[in-house]
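Each remark here refers to the structure printed beneath this line.
Computed from heavy atoms alone, side chains included, the values below leave out hydrogens, waters and symmetry copies.
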Amino acid sequence: MLSRLIAAGLADIAEKLERGERLDLADGRRLFDSPDLLAVGWLANREREKRHGGRTFYNYNIRLEATNVCVASCLFCSFARLKPGDPGAYTMSLDQAWDKLRQRARQPLTEVHIVNGLHPDLPFDYYTELLRGFKRIRPDIHLKAFTAVEIAFFADLYGMSDERVLRELMAAGLDSLPGGGAEIFADRVRRKIAHDKCGTERYLEIHRTAHRLGVRSNVTMLYGHIETAEERVDHMLRARALQDETRGFQAFIPLAFHPDNNQMRKLPAPSAADTLRVHAVARLVCDNVPHVKAFWIATGVEVAQTSLWFGVDDLDGTVQEEKIYHMAGARTPEAMTPREIERLITTAGREPVERDTLYNVVAHAAM
Ligand code: SF4
């Protein structure tokens, strides 16, 4: 491999990694520019195996999007409908939302993952009751809910500080935050694709506050649209810098841009090669974030499987009824059973491990 790394011009980066030195912006750019994708993947795999060996994590979860009504107008979004009553707009009653869990009461789910549009008319107690109701049905279920963008929106709409919103949601049952809404941290891109929702500094500040309050979270990066390689690495470095302070991020999750049914539909979707490289570079640059996750709904199942040799050690969950990516044209299944995910991992030559949201190994036998 050494000769290949030398030929690819990556020998010095390999040596830095061996010495435990951090990669910088220039290193990250070179990893994106290198023509030898397999060499980049080899380096990322080495870092992955140092941390996790062949173990590959997944969890048994459901997704809930309680409303797609949203006052924001992100160009890449195929999910949001601006106003209640617009064709395709929906808002679940609390009972409809709780039913999603009640219907699966006998399944050994460990997590409900909740993200929503930014609805201008719902009262705050819709969200607190939503959480309380899920805990009444399954007191042990982990509620990973509301992106930092939603927390900022609640604070502005209901006249509270971000911290107060977090504390009230925690009192109602919030256990952790998902990483959505990060998109790309660079102002140039964020202004163009997501100009009317919370900005980068506030996104990071809300995660900083959550971590201080003992709430773990993830961080995402939407890639494959108008961002440059430098902006991708900058995004990873900003996540890494916050992680240096708080150690509260569990996973870095690259999210592939999907072009159907949104205002960026003229752009192509990212290629498989680009997807593999983004995950690999994330593993190499975000050295302090324990896990790199491939969200199989977005990458496609086959690419997610391949990514297990390109730095990825987590395949997200069984998911069930995913809407956001399917409205953007994803052709992946809307759900996989634990057995299907395990087969995917095993046939890639890796060892499946069911985890809960906080990466504790789940002891029960997979269904
Ligand atoms: S990405 Fe989120 S905030 Fe942006 S329009 Fe879609 S639902 Fe609304």
Side-chain angles (χ1 to χ4, degrees), residues 59-72 77 79-81 83-85 88-107 109-181 197-198 206-207 209-210 213-218 317-324 327 334-335 356-358:
N59 75 336
Y60 195 4
N61 66 349
I62 55 171
R63 285 214 162 206
L64 181 87
E65 290 103 11
T67 179
N68 67 348
V69 171
C70 187
V71 296
C77 184
F79 169 70
R81 297 292 179 269
K83 294 192 295 293
Y90 73 87
T91 300
M92 292 178 189
S93 69
L94 289 172
D95 251 322
Q96 285 172 327
W98 295 331
D99 260 352
K100 300 281 176 194
L101 183 60
R102 279 197 203 105
Q103 287 160 6
R104 298 191 168 84
R106 293 174 54 201
Q107 295 177 5
L109 297 166
T110 58
E111 172 191 286
V112 182
H113 176 141
I114 306 167
V115 291
N116 308 294
L118 309 177
H119 195 303
D121 301 323
L122 291 171
F124 187 52
D125 64 9
Y126 174 88
Y127 301 101
T128 50
E129 259 315 290
L130 184 69
L131 299 179
R132 287 200 170 92
F134 281 129
K135 289 286 188 182
R136 279 195 294 272
I137 297 164
R138 276 276 310 274
D140 60 326
I141 202 84
H142 183 107
L143 298 178
K144 182 172 75 182
F146 312 122
T147 65
V149 169
E150 291 175 81
I151 301 293
F153 178 72
F154 296 159
D156 295 345
L157 186 65
Y158 306 120
M160 291 188 265
S161 67
D162 296 341
E163 179 167 341
R164 171 94 187 277
V165 170
L166 283 167
R167 285 185 182 277
E168 301 245 343
L169 293 172
M170 288 165 68
L174 178 80
D175 293 305
S176 67
L177 293 185
K197 70 182 183 189
C198 108
I206 287 170
H207 282 269
T209 305
L213 298 177
V215 172
R216 310 299 294 275
S217 68
N218 295 323
T318 50
V319 181
Q320 305 186 33
E321 293 191 35
E322 197 281 340
K323 285 194 174 69
I324 293 173
M327 288 171 90
E334 283 192 37
D356 65 15
T357 312
L358 301 176

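- The closest side-chain heavy-atom distance from His119 to Tyr126 is not below 4.5 Å.
- Closest heavy-atom contact between Gly117 and Cys70: CA-CB, 3.9 Å.
- Atom CG of residue Leu177 and atom CG of residue Asn218 lie 9.0 Å apart, to the nearest 0.5 angstrom.
- The minimum heavy-atom distance between Lys135 and Ala172, with the atom names listed, is CG-O, 4.5 Å.
- A distance of 7.5 Å separates CG in Leu358 from CG in Asp175, rounded to the nearest 0.5 Å.
- Put simply, the side chain of Asp162 never gets that close to the backbone of Ala152: no donor and acceptor are under 3.5 Å apart.
- Applying the salt bridge (charged side-chain N to carboxylate O under 4.0 Å, His left out) rule to Glu111 yields the partners Lys144; only residues at least two apart in sequence or on another chain are considered.
- For the atom pair CE (Met92) and CG (Asp99), the distance works out to 10.0 Å, reported to the nearest 0.5 Å.
- Distance CD1/Ile114 to CG/Leu130: 4.5 Å, rounded to 0.5 Å.
- A salt bridge is defined here as a Lys NZ or Arg NE, NH1 or NH2 lying under 4.0 Å from an Asp or Glu carboxylate O, and Asp95 with Arg102 meets this definition.
- Rounded to the nearest 0.5 Å, atoms CG (Leu174) and CZ (Arg132) are 11.5 Å apart.
- With Thr147 contributing its side chain and Gly181 its backbone, the two residues share no donor-acceptor pair below 3.5 Å.
- Between Ala210 and Leu166, the shortest heavy-atom distance links the atoms N-CD1, 3.9 Å.
- Electrostatic pairing of Glu150 and Lys197 does not count as a salt bridge here, judged by no charged N lying under 4.0 Å from a carboxylate O.
- Every residue two or more places apart in sequence or in another chain that forms a side chain to side chain donor-acceptor pair (under 3.5 Å) with Arg164 is listed here: Glu168.
- Checking His142 against Thr110 by side-chain atom types alone, no donor-acceptor pair falls below 3.5 Å.
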Could you check Phe154 against Met160 for side-chain contact (heavy atoms from CB on, under 4.5 Å), going step by step and ending with a plain yes or no?
CA-CA 8 Å; Phe154 296 159; Met160 291 188 265; 5.8 Å; no
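- Two residues are said to be in side-chain contact when any heavy atoms from C-beta on lie closer than 4.5 Å; Leu122 and Tyr127 meet this criterion.
- Not counting sequence neighbours, Thr209 has no partner by the side chain to side chain donor-acceptor pair (under 3.5 Å) test.
- Atom-to-atom distance recorded for Asp356:CG and Asn59:CG is 8.0 Å, nearest 0.5 angstrom.
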Full working for side-chain contact (heavy atoms from CB on, under 4.5 Å) between Tyr90 and Glu65:
CA-CA 10 Å; Tyr90 73 87; Glu65 290 103 11; 3.4 Å; yes
